[in-house]
Amino acid sequence: MLLQGRKALVTGASSGIGRATAERLGQEGASVCVNYYSDKEADDAQAVVRSVERSGGTGLAIRADVGDEDAVVAMVSQAADRLGGLDLLVNNAGIEKQIPLLEMSEKDWSAVIRTNLTGAFLCLREAAKVMAGAGHGVVVNMSSVHEFIPWPGFAHYCATKGGLKLLMQTAARELAPKGIRVCNIAPGAIATPINQFVLDDPEAKHAVESEIPLGRMGQPEEIAAAVAWAGSDQAGYVTGTTIVVDGGMSLYPKFV
Ligand code: BGC
């Protein structure tokens with residue numbers, strides 16, 4: 001097992017990549033705090049907690065809006081208290097919504113920045129304080145191929161993923177002397193609820209698949225596997241970089 005006895009916090013862990021990641025970390029021997037956003041997700045979060053506990057670790061669900069500073073401060077301190085420390089933060093919570101640039105309101109823009117970028121910063125800052133005290137820790141941010149591929153209709157989303165790149169790289173430099181590694185995982189198109197609008201539309205799904213050399217969308221478990229590795233000692237020399245897990249999407253297969 002890659003993470004025996006480790007203590008992890010996964011944000012946005014009631015569904016999709018976050019859920020698969022929390023469950024996989026549990027299978028690798030970790031105790032996991034399962035963060036979720038709203039009451040609607042409470043039952044799903046509890047199901048993830050039970051899955052972690054079936055693997056033998058402690059599971060704990062905490063509701064918090066990652067964009068709310070007070071809520072993040074409280075969540076990280078509660079997670080560290082209840083789990084007995086914090087070795088791994090997975091900044092996974094994220095939202096996306098297609099809006100043409102010229103119709104994008106400040107509210108649309110700010111909502112995405114708040115969750116995807118400010119949320120990652122707040123969780124990173126608070127978790128890294130705990131990790132710095134212990135002299136070790138790992139932060140893994142869920143980025144995207146849109147950390148480097150522009151995506152019309154998603155300017156706010158792309159801005160957050162590009163922002164996560166330099167946040168990660170700067171944090172990696174600043175925190176290395178404290179024994180903390182920081183890296184990003186950049187998934188391509190993964191079959192999760194964030195993509196429901198594509199999964200529900202056969203034509204759109206086909207269009208996405210035609211942009212992927214491996215010819216299919218990825219599964220959340222394929223991202224969870226990369227997080228488990230990046231968070232483990234096997235990746236002990238990996239920091240300040242983005243690990244792309246995209247079936248080859250970033251090879252621009254349509255460019256001939
Ligand atoms: C988005 C997905 C999209 C994928 C590839 C991800 O960041 O969340 O909706 O399919 O990038 O474009």
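Both counts, for ligands and for their atoms, begin at 1 and track the order of listing.
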Ligand 1 N/O to protein N/O, distances under 3.5 Å:
residue	atom	partner	partner atom	Å
ligand 1	7 (O)	Ser144	OG	2.6
ligand 1	7 (O)	Tyr157	OH	2.6
ligand 1	8 (O)	Glu96	OE1	2.5
ligand 1	8 (O)	Tyr157	OH	3.0
ligand 1	9 (O)	Glu96	OE1	3.4
ligand 1	9 (O)	Glu96	OE2	2.7
ligand 1	9 (O)	Asn195	OD1	2.7
ligand 1	10 (O)	Asn195	OD1	3.3
ligand 1	11 (O)	His146	NE2	3.3
ligand 1	12 (O)	His146	NE2	2.7

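Annotation: side chain of Val49 is not in contact with side chain of Leu60 (no heavy-atom distance under 4.5 Å). Using a 4.5 Å heavy-atom cutoff, the side chains of Thr192 and Arg19 are not in contact. Considering only heavy atoms from C-beta on, Asp44 stays 4.5 Å or farther from Ser15 through its side chain. Here the side chains of Asn195 and Met217 are in contact, with some heavy-atom distance below 4.5 Å.
The pair Arg50-Glu53 does not count as a salt bridge, with every side-chain nitrogen at least 4.0 angstrom from each carboxylate oxygen. Ion pair Glu211/Lys254 flagged as a salt bridge, since at least one NZ, NE, NH1 or NH2 atom sits closer than 4.0 Å to an Asp/Glu carboxylate oxygen.
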